[in-house]
Structure formats: structure tokens, C-alpha cells
Q: 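Handing you this structure, nothing more for now.
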Amino acid sequence: MHREDPQDKISRSFIEPELEFEVKRDLYQFLELQTESQEADPDFDPLYDKICHKIAEEAKQKQRKKVIKLMRYVLTRAAIFLLGILSYALVVHPYFYPKAVTELTLIAPEHAVTEAILPDGSKVFLNAKSSVRYHQDEKTELREVFLTGEAWFDVKKDKEHPFVVKTSGYSIKVHGTRFNVRAFPGDQELITTLQHGSVEILPRDEQQKLVPVMLKPGQQFVFYPATGKGIVTRVQAGIASLWKEKEIRFENKNFKDLLDMLEGRYNVRFVVKDQELFNYHYDGTIRDENLSTVLDILNQTLPFHYQRLADGSIQIEK
């Protein structure tokens with residue numbers, strides 16, 4: 001007859017309480033066989049309780065391992081499921097999440113030039129009393145800059161996100177380039193000068209009757225708000241952005257180009273009464289002096305006089 005293993009019987013006694021007495025009896029018999037002489041039967045209940053406690057702890061450890069294994073399985077499957085949902089949302093349905101919009105406003109105070117890096121990596125210099133508002137909407141994939149005043153741009157190339165500068169007179173679509181734009185409110189001329197790359201002059205809205213123009217390096221677009229028309233001329237493109245340099249050196253520079261640079265640097269307008277002055281040439285260096293100091297220095301070598309008019313412009317005459 002097969003005899004049941006004692007440890008199996010003890011384990012089974014947790015499920016079948018009626019076996020407790022039988023298990024105790026077996027323990028007594030086993031201990032009697034191991035003891036030759038014994039005056040009285042000791043109380044084996046504490047020993048039994050310890051054995052039962054140890055077996056119960058082992059059973060709990062096995063059960064805990066099963067629960068942990070089950071939880072790991074469930075969490076792994078849940079993570080895979082959530083990852084699939086997220087991938088579907090980002091790849092198949094990108095509109096699942098709202099598109100990011102980036103806004104930034106830069107302002108250059110009076111008598112100061114401001115340099116900054118736009119969120120897209122493009123570089124911009126702002127002339128005194130100028131401002132730009134940068135707007136990028138991932139939904140429209142368009143980088144827009146709204147300019148008031150004068151700025152020089154070095155635009156970071158990004159074919160998927162066109163860069164457009166908007167002035168009060170027209171818009172400029174950029175194709176990765178460096179250029180200068182002068183568009184102060186009330187100016188009689190709005191000027192875009194291209195140094196490198198290419199830009200396209202476009203109407204600011206559908207109502208404006210402006211023929212699109214593609215500029216090449218060394219070309220300048222001059223727009224006249226009074227007539228709504230513009231012309232393209234060839235110039236020394238670097239002169240238009242000399243206002244942003246801390247130190248400017250001239251070698252045999254004619255007086256007209258010099259005044260054009262000073263207009264941009266100091267945001268003023270010169271009225272030249274005697275056109276013969278444009279035949280003069282100048283050698284020298286201009287640093288961060290104020291305009292009156294610069295004109296006094298020029299006046300020491302060039303025969304002209306100047307005076308400020310009521311409208312803020314400066315009249316130049318022999």
C-alpha cells in the first residue's frame with residue numbers, strides 16, 4: 001500500500017483542516033521512534049506551528065512569484081498596445097495633436113542696433129526704432145516675419161517651411177539668402193537690397209496690383225507707396241547694410257553712397273540741394289559716433305554745410 005509523503009500531507013492539511021489531528025499523530029509517532037527514553041510526552045504544538053508557518057511562507061512566495069509574472073505579462077502587453085496607439089496618432093493621423101505655433105517679437109530701441117537669432121536659426125539685425133514679429137505655424141508650414149523699420153536677414157534654408165517677410169508695401173519670399181529691407185512707416189521709398197541668394201517681391205495681398213519680381217544678388221527693389229509702383233536697379237549691395245557694422249572704413253567712396261549709408265545707420269533723410277556734391281569722394285573711418293559728430297568730421301574734408309529741417313530731415317548744401 002502506497003504511503004503518502006508526510007510533507008504532502010502537511011501541505012494538504014491547509015486545505016483539509018480535518019487532517020490536522022492525523023498530521024500531529026504522525027509527528028508524535030515519528031518523534032517517539034527517534035527518542036529512546038522520555039519521561040513525558042512534550043507539547044509539540046509550537047513545533048507543528050513553526051513547520052506550518054514555514055510551509056505557508058514557501059507557499060506565499062510561490063504565489064507571489066506567479067502574481068508578479070502575471071502582472072509583468074499584462075503590463076508588457078499594455079505598453080505595446082499604447083505604443084501602437086501613439087504611433088498611429090503621430091504617423092497616420094498627425095492632426096490628432098494640435099500643431100505648434102511659435103511667436104516672437106523683437107524691438108530695437110532708439111540709437112541702438114539689435115542682433116538676434118530667430119527660433120528657426122535665421123539671423124537678424126534690427127536698426128534703431130525697428131521691430132519684427134516672427135510667426136511660425138506648423139499647420140501652414142510657413143515662417144512669417146512682419147517688419148516695421150529696417151532689418152538685415154541671413155535666412156536659414158528650409159524648403160519645407162518657406163520664409164516670408166511682410167512690410168507695409170509688399171511681401172518678400174525668401175529662398176535662403178542674405179538681404180536688407182528698409183521699410184519705416186511714412187518713408188517715401190521702401191527698399192529691399194539683395195546680397196546673396198534670391199528673393200521674390202510679391203504683392204502684400206490679393207488686392208494689390210504689383211507685378212512679382214525675382215531679385216538677383218546686387219539688385220535693389222525700390223517701392224514708392226504713393227504710386228504703388230516699384231523699380232529694380234543695380235547697386236553695391238553691401239552699402240545698404242553698413243548700418244549694422246560697428247566700424248565702417250571708406251576708400252574713395254562717393255558722397256551719395258556715403259549719405260545712403262548714413263540714412264540707414266541713423267534713420268534720417270538727407271536733402272541735397274547741390275547735386276555737384278555727389279561727385280565728391282571720401283576716405284576715412286566711421287565708428288559709433290552720433291550723427292552730428294560724423295557730419296562734423298566729414299565737413300572737415302568735404303566742402304558742405306548742413307542743417308536740420310523742421311520735419312527731421314537734414315539739408316546738405318555747398
Side-chain angles (χ1 to χ4, degrees), residues 105-114 125-133 146-152 165-170 180-193 204 208 210 220-231 233 235-236 239-248 250 253-282 284-318:
T105 299
L106 299 173
I107 300 175
E110 190 174 1
H111 307 306
V113 173
T114 299
F125 279 85
L126 275 180
N127 204 349
K129 298 191 292 187
S130 301
S131 66
V132 293
R133 179 169 62 87
F146 300 86
L147 170 65
T148 300
E150 186 169 22
W152 178 88
V165 177
K166 295 190 175 183
T167 72
S168 60
Y170 53 88
N180 192 85
V181 184
R182 181 179 175 87
F184 283 98
D187 276 2
Q188 298 178 4
E189 299 176 350
L190 306 185
I191 304 172
T192 296
T193 308
R204 67 176 182 274
Q208 187 180 24
L210 181 66
Q220 184 177 81
F221 177 76
V222 182
F223 179 77
Y224 302 94
T227 62
K229 297 181 179 180
I231 60 172
T233 60
V235 296
Q236 289 182 302
I239 293 177
S241 60
L242 285 178
W243 55 266
K244 68 183 179 66
E245 306 297 337
K246 292 184 178 180
E247 181 177 283
I248 306 170
F250 287 104
K253 185 65 61 180
N254 68 60
F255 194 58
K256 184 179 185 309
D257 289 341
L258 181 58
L259 292 182
D260 287 343
M261 186 278 301
L262 293 177
E263 283 187 337
R265 189 178 183 88
Y266 295 99
N267 190 24
V268 297
R269 186 171 66 89
F270 290 103
V271 178
V272 181
K273 303 293 290 185
D274 300 301
Q275 298 295 310
E276 293 181 6
L277 290 172
F278 291 151
N279 296 324
Y280 293 153
H281 288 71
Y282 175 77
T285 300
I286 296 177
R287 296 183 177 84
D288 285 336
E289 297 89 356
N290 60 53
L291 180 58
S292 296
T293 300
V294 172
L295 291 176
D296 289 340
I297 293 173
L298 292 175
N299 189 234
Q300 293 176 9
T301 56
L302 301 177
F304 70 89
H305 301 282
Y306 71 91
Q307 63 174 337
R308 291 184 179 274
L309 303 179
D311 62 358
S313 62
I314 297 178
Q315 180 173 290
I316 302 290
E317 58 186 351
K318 292 182 68 174

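Side chains included, hydrogens not; waters and symmetry mates left out as well; all remaining heavy atoms used.
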Q: If we only count heavy atoms from C-beta on, is the Tyr306 to Leu298 side-chain gap below 4.5 Å?
A: no
Q: At their closest point, which heavy atom of Lys318 faces which heavy atom of Glu276, and how far apart are they?
A: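 Scanning both residues completely, I find the closest heavy atoms to be NZ-OE1, 3.2 Å.
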Q: List in chain and number order the residues that pass salt bridge (charged side-chain N to carboxylate O under 4.0 Å, His left out) with Glu110, two or more places apart in sequence or in another chain; answer none if no residue qualifies.
A: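 In terms of salt bridge (charged side-chain N to carboxylate O under 4.0 Å, His left out), with neighbours along the sequence ignored, Glu110 is linked to no residue.
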Q: Considering all heavy atoms of both residues, which atom of Leu277 and which atom of Pro303 are nearest to each other, and what is their separation?
A: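 Heavy atoms of Leu277 and Pro303 come nearest at CD2-O, 3.7 Å.
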Q: Phe146 and Ser131: side chain to side chain contact (heavy atoms under 4.5 Å, CB included), yes or no, with the steps?
A: CA-CA 8 Å; Phe146 300 86; Ser131 66; over 6 Å; no
Q: Backbone N or O of Asp257 within a donor-acceptor pair of the Asn254 side chain at under 3.5 Å?
A: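 Checking the backbone N and O of Asp257 against the side chain of Asn254, a donor-acceptor pair under 3.5 Å is found.
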Q: Is it true that atom NZ of Lys244 has more than 12 heavy atoms of other residues, nucleotides or ligands lying nearer than 6.0 Å?
A: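 Count over threshold, so yes.
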Q: Would you check if Pro109 and Thr114 make a side-chain contact, meaning some heavy-atom pair closer than 4.5 Å?
A: yes
Q: Would a 4.5 Å heavy-atom cut-off, applied to side chains only, mark Glu317 and Gln307 as touching?
A: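 SC-SC contact between Glu317 and Gln307 confirmed.
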Q: Could you check if a side-chain atom of Leu291 sits within less than 4.5 angstrom of a side-chain atom of Ile314, using non-hydrogen atoms only?
A: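 When only atoms from C-beta onward are counted, Ile314 and Leu291 do touch, with a gap below 4.5 Å.
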Q: My understanding is that only residues two or more places apart in sequence, or in another chain, count here; which of them pass ring pair (Phe, Tyr, Trp, His ring centres under 6.0 Å) with Trp152?
A: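 Result, ring pair (Phe, Tyr, Trp, His ring centres under 6.0 Å) vs Trp152: Phe125.
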Q: Could you give the distance from CZ (Phe223) to CD (Glu189), rounded to the nearest 0.5 Å?
A: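 Atom-to-atom, Phe223:CZ and Glu189:CD are 11.5 Å apart.
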Q: Calculate, to the nearest 0.5 Å, the distance between atoms CG and CD1 belonging to Leu295 and Ile316 respectively.
A: 6.0 Å
Q: Is Ser241 close to Thr193 at the side-chain level, that is, under 4.5 Å between some pair of heavy atoms?
A: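 No, too far: nothing below the 4.5 Å cut-off.
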Q: Taking atom OG1 of Thr167 and atom CD1 of Ile191, what is their separation to the nearest 0.5 Å?
A: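 One finds 11.5 Å between OG1 of Thr167 and CD1 of Ile191.
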Q: When rounded to the nearest 0.5 angstrom, what is the spacing between OG1 in Thr148 and CG in Leu126?
A: 10.0 Å
Q: Do Phe304 and Tyr280 touch side chain to side chain, with heavy atoms closer than 4.5 Å?
A: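 No, too far: nothing below the 4.5 Å cut-off.
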Q: Compare every heavy atom of Gly149 with every heavy atom of Ser130, then report the nearest pair and how far apart it is.
A: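 Minimum heavy-atom separation between Ser130 and Gly149: OG-CA, 3.5 Å.
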Q: Not counting sequence neighbours, which residues clear ring pair (Phe, Tyr, Trp, His ring centres under 6.0 Å) with Phe270? List them please.
A: none
Q: Hey, can you tell me if Phe221 and Tyr170 have their rings parallel, tilted or perpendicular (30° and 60° cut-offs)?
A: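 Perpendicular: the ring planes of Phe221 and Tyr170 meet at over 60°.
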Q: Looking at Arg269 and Asp187, does any basic side-chain N land under 4.0 Å from a carboxylate oxygen?
A: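 So Arg269 does not pair with Asp187 through a salt bridge.
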Q: Say whether, by atom type as modelled, one donor and one acceptor occur between the side chain of Asn127 and the main chain of Glu150 under 3.5 angstrom.
A: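 No; zero donor-acceptor contacts below 3.5 Å.
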Q: Once you round to the nearest 0.5 Å, how far does CG of Asp274 lie from CD of Gln315?
A: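 Output value for this atom pair is 9.0 Å.
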Q: In this structure, are over 12 heavy atoms from other groups packed under 6.0 Å from Gln188 atom CD?
A: no
Q: Can you find a heavy atom in the side chain of Ile239 that is under 4.5 Å from one in the side chain of Gln220?
A: no
